[in-house]
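Data block below; observations after.
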There are 2 protein chains.
Amino acid sequence: MATRSDYATRPREQVAAILRSRRRFLSAGEIHRELTEHREKISLSTVYRTLEYLQSKGDATVRIDDSGEATYTSCEPASHHHHAICEVCGRVEDVNCDVVDNFTESLRKQHGFELSGHKMEFIGRCRSCR
Amino acid sequence: MATRSDYATRPREQVAAILRSRRRFLSAGEIHRELTEHREKISLSTVYRTLEYLQSKGDATVRIDDSGEATYTSCEPASHHHHAICEVCGRVEDVNCDVVDNFTESLRKQHGFELSGHKMEFIGRCRSCR
DNA sequence: ATCAGTGCAAACCATTTGCAAATTA
DNA sequence: TAATTTGCAAATGGTTTGCACTGAT
């Protein structure tokens with residue numbers, strides 16, 4: 001992941017810093033609010049543009065939440081993995097792909113994560129489009 | 001699933017009919033367009049309200065797509081299951097929950113679905129919130 | 001006659017964009 | 001100085017809502 005000094009401008013460093021410091025998905029609005037509350041001068045559009053930039057650098061991932069709002073977190077892009085999201089605090093655990101086999105046990109053993117629900121979506125080609 | 005006569009008004013029947021006839025996720029706009037193109041007089045807000053109504057009756061499910069847009073399809077609510085979505089035609093296959101164990105083979109065998117990607121999300125409580 | 005369902009237009013809200021000013025290399 | 005990045009305000013686009021009207025029982 002990029003280190004602090006990889007970003008030339010202050011806004012970018014600030015947004016990246018927030019993403020790094022909080023292990024959960026944040027919306028652009030939340031990030032903006034948190035920065036401006038800490039006397040940081042930054043516009044909401046810059047937050048959006050920075051988040052797009054960070055994604056292109058592989059330093060952030062998006063997640064569209066149930067309301068359709070985009071949320072972001074910093075995340076190792078190297079290895080393909082999934083997320084376990086705490087329904088109480090929002091904490092994000094990176095979940096190795098092989099837990100697909102017996103995911104409930106794996107989650108509990110590897111992450112101490114008590115599963116209450118899951119959502120999965122398979123993308124591919126159906127019989128007729130193959 | 002509800003039959004045609006379960007819905008008192010024409011708009012509701014029309015929306016439900018479209019959802020039933022197309023085995024893929026459609027946005028409110030697409031449904032509205034399809035109806036008005038077939039000389040059906042219905043407002044977009046009614047489409048939205050009807051979709052909400054159908055969901056409450058268990059006759060439709062939502063899915064937020066990658067752009068954050070809500071899409072809908074008719075779907076058996078009784079059994080918990082997931083969806084395999086064709087990346088070409090958008091056709092939706094209902095996927096039994098137990099394919100989680102060895103899902104690639106199951107998808108191919110049971111649905112002739114050639115997997116190219118998947119997305120999953122686990123919800124629960126993390127170590128500290130448990 | 002009463003109450004639910006509908007259409008229309010306006011309101012909303014997250015996100016994007018044009019452009020001029022500011023900042024970086 | 002040339003090229004990027006930022007701020008501001010306005011535009012966008014999907015979704016929701018208030019209210020008067022229409023249709024169902």
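Quick note on labels: first sequence line is chain A, next is B, and so on, each numbered from 1.
Between the C1' atom of C/dA9 and the OH atom of B/Y48 lies a distance of 16 Å, rounded to the nearest Å. The CD-C1' distance, from B/E13 to D/dG23, rounds to 14 Å in whole Å. For A/D65 and C/dT15, the CG to P distance is 9 Å, given to the nearest whole Å. For the pair A/Y7 OH and C/dT24 C1', the interatomic distance rounds to 17 Å; values are reported in whole Å. Remark: C1' of D/dG14 and NE2 of B/H32 are 14 Å apart, rounded to the nearest angstrom. As rounded to whole Å, 8 Å separates atom P of D/dT15 from atom CG of B/L44. The interatomic distance linking B/F25 (CZ) with D/dG14 (C1') rounds to 18 Å, in whole Å. Going from atom CD1 of A/I42 over to atom C1' of C/dT23 covers 14 Å, rounded to whole Å.
Taking every side-chain heavy atom of B/S43 into account, C/dG7 is the closest of C/dG5, D/dG7, C/dG7. Counting only heavy atoms from C-beta on, B/S45 has its side chain closest to C/dA9 among D/dT15, D/dT6, C/dA9. Set against C/dT6, C/dA14, D/dT25, the side chain of B/T46 has C/dT6 as its closest nucleotide. For B/R12, the side-chain atoms get nearest to C/dG5 when compared with the rest of C/dG7, C/dG5, D/dG7.
Applying the 6.0 Å contact sphere to CZ of A/R63 captures more than 12 heavy atoms from other residues, nucleotides or ligands.
Place B/R10 and B/E52 on DNA chain D by their nearest nucleotides, and B/E52 ends up nearer the 5' end. Along DNA chain C, the nucleotide nearest to A/T9 and the one nearest to A/G29 differ in position, and the one closer to the 5' end is contacted by A/G29.
Judged by distance alone, with hydrogens and angles left aside, B/R49 brings a side-chain donor or acceptor within reach of the base of C/dG7, the pair sitting under 3.5 Å.
Linking Ile, Leu, Val, Met, Phe, Trp and Tyr residues whenever their side-chain heavy atoms come within less than 4.5 Å places A/Y72 and A/Y53 in a single cluster. No chain of hydrophobic side-chain contacts below 4.5 Å, direct or via other Ile, Leu, Val, Met, Phe, Trp or Tyr residues, connects B/V92 to B/L19.
A salt bridge links B/R24 to B/E30: one of the charged nitrogens lies within less than 4.0 Å of a carboxylate oxygen.
With B/T50 contributing its side chain and B/R12 its backbone, the two residues share no donor-acceptor pair below 3.5 Å.
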